[in-house]
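Everything on this sheet refers to the single structure shown next.
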Amino acid sequence: MAEMLTQLGSVIGGLVVAYTMFQNYFPREISRPIKYYFKKLINFFYPYIHITFPEFQADGFQRSLAYAAIKRYLNAHSTTQAKHLQATVARDTEAVVLTMASNSSEEVTDDFNGIKLWWASRETPPSSQTISWGPREADKRFFTLTFHRKHRQLICDHYLKHVLEQGKAITIKERRRKLFTNSKGNEGDYYGRRRLWSEVVFDHPATFQTLAMDPVKKQDIIHDLINFSESKDYYKSVGKAWKRGYLLYGPPGTGKSTMIAAMANLLEYDVYDLELTAVKDNTELRKLLIDTSGKSIIVIEDIDCSLELTGQREKNNKDGEEDKKKDEEKDPVKEKLKKMEEKKTSEVTLSGLLNFIDGLWSACGGERIIVFTTNYVEKLDPALIRRGRMDQHIELSYCGFEAFKVLAKNYLNFEEHDLFERIRRLLEETKMTPADVAENLMPKLRGEDKERCLMRLVKAIEEAKVKAEEEEKLKTEKLEEEKKKKAAEEAEEEKKKKEGKMKENGDAEKANDSTNGLVKENGVAENCA
Ligand SMILES: Nc1ncnc2c1ncn2[C@@H]1O[C@H](COP(=O)(O)OP(=O)(O)OP(=O)(O)O)[C@@H](O)[C@H]1O
Ligand SMILES: [Mg+2]
């Protein structure tokens with residue numbers, strides 16, 4: 001062994017001496033081409049291929065998506081294989097991410113269809129003290145992939161695609177979902193670029209399980225959503241953009257916003273809450289659309305009060321509107337809508353919005369759900385909600401018995417109770433929103449008796465019933481009164497008309513009489529003559 005080491009040492013020593021002599025005694029003009037061809041010769045026999053994936057793209061500012069995806073993909077392998085690991089908390093998750101440490105001469109092996117590959121994480125050492133606006137030299141990290149050249153085709157065509165897809169899927173699974181919103185005065189970021197969307201972590205607890213509505217209808221919606229999210233190839237095969245529109249309509253407090261949160265939680269999508277009144281014009285609307293990511297729900301709440309989308313019809317109905325005004329003043333919801341309408345300054349047009357949902361731009365990104373909510377579906381332009389734009393029209397209505405059972409289970413953990421039958425009958429006769437039912441079921445004090453909560457609900461529905469009956473009675477009385485008033489007015493008018501006619505007739509008769517008298521007088525005079 002010692003002899004072998006001595007021999008190896010002398011061989012290496014000989015090579016170093018030979019290389020120094022080569023450097024010193026061969027002129028540069030000769031040594032350069034020799035080196036070049038020597039490298040080529042080595043490359044010719046060297047059987048491996050290396051691919052590098054730098055952390056930053058060529059511009060030096062933007063992080064490479066491939067690097068991020070590979071990092072996530074390698075996590076699983078590195079935690080089991082590598083001995084030097086780096087722990088970081090990813091920006092959009094709370095989880096600790098373990099990656100193999102850069103420059104640790106550590107390699108992680110991977111297996112793809114029986115082919116062995118090696119991944120390593122490297123770092124470029126800082127070459128000199130330079131001032132750079134980009135990332136520091138030492139921060140220039142990259143991954144290298146090494147594999148045998150005979151597998152080149154398979155690796156380039158399939159393995160890399162597989163790694164990127166897996167990495168992206170892990171990123172999506174691990175990320176914290178976001179709730180984005182646009183606003184008028186969005187300030188620029190650090191580099192002065194204006195950000196179209198501002199975001200917060202989306203943490204809404206609503207799920208379809210806690211959503212109170214008819215169970216059959218609920219299952220249909222869940223199936224529809226899941227089917228959509230798994231139909232990428234189907235949409236491609238039928239030549240349709242991978243998006244779906246849902247119109248949620250119904251009175252306030254029936255769970256429209258809650259359902260959007262449940263949708264986002266079911267599909268693990270981000271939510272983009274689009275405030276249309278803050279969008280300057282159609283161009284900005286398009287920019288906002290392009291700036292959304294895939295796997296997202298774009299929401300426009302209260303679409304009927306967001307824009308002058310009903311302008312044409314409203315103008316035609318102007319006369320009828322005067323009559324409605326008095327009722328609206330008393331209705332707080334309508335007052336709210338009126339105030340919102342007054343604030344409208346957006347130049348977004350109906351055609352701009354139609355293009356947003358269904359135009360050429362709507363196809364970029366893919367896997368998007370667009371949701372409109374409204375309290376007044378009849379106010380919307382039919383073009384806006386036709387199938388293809390809003391594929392599913394879902395009505396969320398007053399609380400039925402099935403919906404109540406879900407709320408009773410959620411809030412009180414009651415599946416059965418003696419009072420249920422009474423509540424069923426009361427709910428059939430009374431209109432009460434799930435929001436009101438939920439509010440009554442919720443214990444007001446810590447540890448409040450559940451029976452008491454249920455009784456409170458019964459009382460509330462009974463009161464609502466009495467109130468509704470009284471209102472109905474008042475309404476009928478008012479209608480009767482108005483009818484009577486109208487009849488009296490009509491009778492008065494008729495009377496006036498008749499009197500007018502009679503007066504006219506009387507005057508005419510008088511005039512006739514006087515002309516007849518004159519004729520008579522003239523006749524007498526003539527006869528005398
Ligand atoms: N169907 C429902 N299932 C469970 N909870 C509901 C349901 N509807 C309403 N709620 C409760 O009532 C509250 C208000 O509901 P939500 O905001 O979803 O109503 P909405 O239909 O969006 O009303 P609006 O038209 O005024 O926007 C929610 O916080 C939720 O707790
Ligand atoms: Mg809402």
Side-chain angles (χ1 to χ4, degrees), residues 179-181 202-222 225 246-266 271-277 297-307 309 328 331-341 369-380 385 390 392-415 423-424 427 430-444 453-454 456-457 460-461 464:
L179 170 64
F180 296 86
T181 186
F202 180 71
D203 239 348
H204 202 294
T207 60
F208 272 99
Q209 211 181 345
T210 60
L211 186 73
M213 66 182 295
D214 179 55
V216 180
K217 215 164 140 186
K218 196 194 306 194
Q219 270 314 315
D220 285 349
I221 298 167
I222 294 174
L225 286 165
Y246 289 84
L247 171 73
L248 310 184
Y249 65 97
T254 47
K256 297 179 290 297
S257 307
T258 314
M259 181 180 274
I260 296 170
M263 283 175 166
N265 286 335
L266 176 77
V271 179
Y272 287 85
D273 187 4
L274 181 62
E275 178 55 56
L276 263 191
T277 49
I297 302 182
I298 302 172
V299 182
I300 305 181
E301 291 248 39
D302 295 320
I303 181 85
D304 52 307
C305 16
S306 297
L307 277 182
L309 302 174
E328 278 182 16
D331 187 337
V333 181
K334 286 184 183 170
E335 251 177 57
K336 182 182 96 181
L337 301 187
K338 230 172 86 183
K339 268 183 202 157
M340 284 170 80
E341 265 175 39
I369 286 179
I370 300 173
V371 184
F372 288 171
T373 73
T374 178
N375 297 136
Y376 303 95
V377 67
E378 65 285 350
K379 273 178 84 177
L380 298 181
I385 55 171
M390 291 292 110
Q392 283 269 354
H393 295 189
I394 301 168
E395 184 181 12
L396 286 137
S397 194
Y398 295 104
C399 193
F401 183 60
E402 290 300 327
F404 156 75
K405 282 208 302 200
V406 178
L407 291 173
K409 174 90 181 71
N410 291 345
Y411 284 78
L412 304 174
N413 204 16
F414 275 152
E415 288 190 35
I423 292 173
R424 189 181 63 76
L427 284 176
T430 322
K431 282 179 181 172
M432 191 176 240
T433 61
D436 285 335
V437 173
E439 182 54 31
N440 282 297
L441 286 179
M442 199 148 79
K444 296 287 174 286
C453 300
L454 214 53
R456 183 171 47 231
L457 174 68
I461 311 177

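Side-chain atoms are counted along with the backbone in the values below, which use heavy atoms only and exclude waters and symmetry mates. One-based numbering, in listed order, for ligands and for the atoms of each. Throughout, numbering of the chain's residues begins at 1 and tracks the sequence.
- The parts of Pro252 lying near ligand 1 are both backbone and side chain, judged by heavy-atom distances below 4.0 Å.
- Salt-bridge formation is detected for the pair Glu439/Lys444: a Lys NZ or Arg NE/NH1/NH2 atom is positioned less than 4.0 Å from an Asp or Glu carboxylate oxygen.
- Lys256 places a side-chain N or O within donor-acceptor distance of the main-chain N or O of Pro251, the cut-off being under 3.5 Å.
- For the pair Gly253 and ligand 1, a heavy-atom separation below 4.0 Å is found.
- Within 6.0 Å of NZ in Lys431 there are 12 or fewer heavy atoms belonging to other residues, nucleotides or ligands.
- Listed by atom number, the atoms of ligand 1 under 4.0 Å from Leu407 heavy atoms are 4 (C).
- Around the CD atom of Gln209, the shell of radius 6.0 Å holds no more than 12 heavy atoms that belong to other residues, nucleotides or ligands.
- Under the 4.5 Å side-chain criterion, counting only non-hydrogen atoms from C-beta, Lys409 is not in contact with Thr210.
- Panel note: side chain Asp273, backbone Leu179; no donor-acceptor pair is recorded below 3.5 Å.
- Assignment of Leu211 to the shell around ligand 1 is supported, since a heavy atom sits closer than 4.0 Å.
- Residue contacts with ligand 1 do not include Thr433, since none of its heavy atoms lies under 4.0 Å from the ligand.
- Listed by atom number, the atoms of ligand 1 under 4.0 Å from Thr258 heavy atoms are 15 (O), 16 (P), 18 (O), 28 (C), 30 (C).
- If you check the side chains of Ser257 and Glu301, you find a donor sitting under 3.5 Å from an acceptor.
- Between the side chain of Lys217 and the backbone N or O of Ile394, no donor-acceptor pair lies under 3.5 Å.
- At least one N/O-N/O distance between Ala212 and ligand 1 falls below 3.5 Å.
- Residue Pro434 places no N or O, backbone or side chain, under 3.5 Å from any N or O of ligand 1.
- Of the possible donor and acceptor atoms, none in the side chain of Thr374 sits under 3.5 Å from a partner among the backbone N and O of Ile303.
- Any N or O atom pair closer than 3.5 Å counts here, and Glu301 shares no such pair with ligand 1.
- Among the backbone and side-chain atoms of Ser257, an N/O/S atom is found under 2.8 Å from the Mg ion (ligand 2).
- The shortest separation from a heavy atom of Thr210 to ligand 1 is under 4.0 Å, placing the residue in contact.
- The contact set between ligand 1 and Asn375, taken as ligand atoms under 4.0 Å from a residue heavy atom, comprises 25 (O).
- Contacts with ligand 1 closer than 4.0 Å are made by no heavy atom of Thr373, backbone or side chain.
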